[in-house]
Amino acid sequence: LSAFSTDPEAALRKLLGTTPFVGRVELQSLHVQCKPSADFAVAVPVRDEAALLPAMLSALHMSFRHTTSCGVPVFIVNDTRDGSVALIIDWLARNGQAGLVAEVRFARAIRRAPFARRLALDIAERIVPGGALFTTDADSEVGPHWVREGLSQLAAGYDLVCEDVR
């Protein structure tokens with residue numbers, strides 16, 4: 001089991017003590033429901049996306065349903081002023097989906113999507129060490145076979161797979 005499965009808050013605080021996050025990120029809340037093992041994780045940075053999240057979450061759920069592999073979404077909700085956190089937690093519960101939702105406040109110098117994505121990917125890698133890492137955006141909709149096709153291409157030997165964004 002990864003540290004995120006056994007003691008997620010301690011594992012996250014340890015990660016936040018590393019570059020580029022040390023002294024620049026304040027953890028506001030953490031919701032974790034992870035399975036002991038997963039084949040892949042999807043990292044999603046979120047900031048004030050409540051209006052667009054339902055479509056994104058629905059598309060992500062469909063993509064998860066079209067694969068036999070086990071996946072875990074990782075949401076970093078940074079500096080948000082809307083109901084994004086509640087929407088995501090409700091979606092996880094309604095769908096019986098394992099996942100991690102961390103609400104954080106970034107220092108002004110790193111209050112941008114690349115840092116939120118970096119944190120989400122760092123967590124995702126620790127949840128599925130050696131597994132596949134995917135990333136998308138809270139204002140995008142992945143295709144229904146996005147995960148399955150990505151996993152297939154990785155299994156075929158590709159190191160990186162990119163796809164268009166809707």
Find out if a path of hydrophobic residues (ILVMFWY) with successive side-chain heavy-atom gaps under 4.5 Å connects Trp146 to Tyr158. no
Considering all heavy atoms of both residues, which atom of Gly99 and which atom of Val72 are nearest to each other, and what is their separation? CA-CG1, 3.7 Å
Audit row: Cys162, Leu160, side-chain contact (heavy atoms from CB on, under 4.5 Å) steps and yes/no: CA-CA 7 Å; Cys162 297; Leu160 177 68; 4.2 Å; yes
Side chain Asp139, main chain Glu49, donor-acceptor under 3.5 Å: no
Would you indicate whether Arg108, at its atom CZ, is surrounded by more than 12 heavy atoms from other residues, nucleotides or ligands within a distance under 6.0 Å? no
Looking at NE2 of His145 and CZ of Arg65, how far apart are the two atoms once the value is rounded to the nearest 0.5 Å? 12.0 Å
Atom pair CD1 (Ile127) and CG (Leu100), whose distance is rounded to the nearest 0.5 Å: 5.0 Å
With rounding to the nearest 0.5 Å, note down the distance linking CG in Leu16 to CZ in Arg24. 12.5 Å
Search all heavy atoms of Ala138 against all heavy atoms of Val46 and return the closest pair with its distance. CB-CG2, 3.8 Å
Under the rule for salt bridge (charged side-chain N to carboxylate O under 4.0 Å, His left out), what residues qualify as partners of Arg148, not counting sequence neighbours? none
Phe40 ring center near Phe134 ring center (under 6.0 Å): yes
Given side chains that start at C-beta, do those of Leu27 and Ser29 come closer than 4.5 Å, heavy atoms only? no
Do His31 and Leu92 make a side-chain contact, defined as non-hydrogen atoms from C-beta onward lying under 4.5 Å apart? yes
Are Met56 and Met62 joined in one hydrophobic group, where the rule is that I, L, V, M, F, W and Y side chains link up if heavy atoms are under 4.5 Å apart? no
Is any side-chain heavy atom of Val104 closer than 4.5 Å to one of Gln28? no
I need the minimum non-hydrogen distance between Ala50 and Gly83, along with the two atoms involved. CB-N, 4.1 Å
Can you check whether Trp91's main-chain N or O pairs, donor with acceptor, with Asn95's side chain at less than 3.5 Å? yes
Would you give the length of the straight line joining atom OG of Ser140 to atom CD of Glu163, rounded to the nearest 0.5 angstrom? 11.0 Å
Check whether Leu57 and Ile89 end up in the same hydrophobic cluster, where Ile, Leu, Val, Met, Phe, Trp and Tyr are linked by side-chain heavy atoms less than 4.5 Å apart. yes
Test Thr80 against Arg47 for side chain to side chain donor-acceptor pair (under 3.5 Å), laying out the working first. CA-CA 5 Å; Thr80 196; Arg47 184 170 185 206; over 6 Å; no
Kindly say whether Ala43 contributes a backbone atom to a donor-acceptor pair with the side chain of Thr135 at under 3.5 angstrom? yes
Quickly, which of Leu133, Ile123, Val128 forms a side chain to side chain contact (heavy atoms under 4.5 Å, CB included) with Val74? Name it, please. Ile123
Stepwise, does the side-chain contact (heavy atoms from CB on, under 4.5 Å) test hold for Val101 with Leu30? CA-CA 6 Å; Val101 184; Leu30 180 62; over 6 Å; no
When you compare the side chain of Val25 with that of Ile110, does any pair of heavy atoms fall below 4.5 Å? yes
With the 4.5 Å side-chain cut-off for hydrophobic clustering, are Phe75 and Leu52 part of the same group? no
Checking side chain to side chain contact (heavy atoms under 4.5 Å, CB included) against Pro45, which of Val77, Asp137, Leu119, Leu121 comes through? Asp137
Can you get from Leu15 to Ile76 by hopping between Ile, Leu, Val, Met, Phe, Trp and Tyr side chains that sit under 4.5 Å apart? yes
Here the pair of heavy atoms bringing Ala132 nearest to Leu154 is CB-CD1, 3.6 Å
Ignoring hydrogens and geometry, is there a side-chain-to-backbone donor-acceptor pair from Asn78 to Arg105 under 3.5 Å? no
Has Gln97 got a side-chain atom pairing as donor or acceptor with Gly71's backbone, closer than 3.5 angstrom? yes
Applying side-chain contact (heavy atoms from CB on, under 4.5 Å) to Phe21 and Asp122, what does each step give before you reach the verdict? CA-CA 11 Å; Phe21 307 115; Asp122 284 351; 3.6 Å; yes
Measure the CZ-CG distance between Arg112 and Asp79 for me, rounded to the nearest 0.5 Å. 12.0 Å
Ser84 OG to Leu53 CG distance, which is reported to the nearest 0.5 Å: 5.0 Å
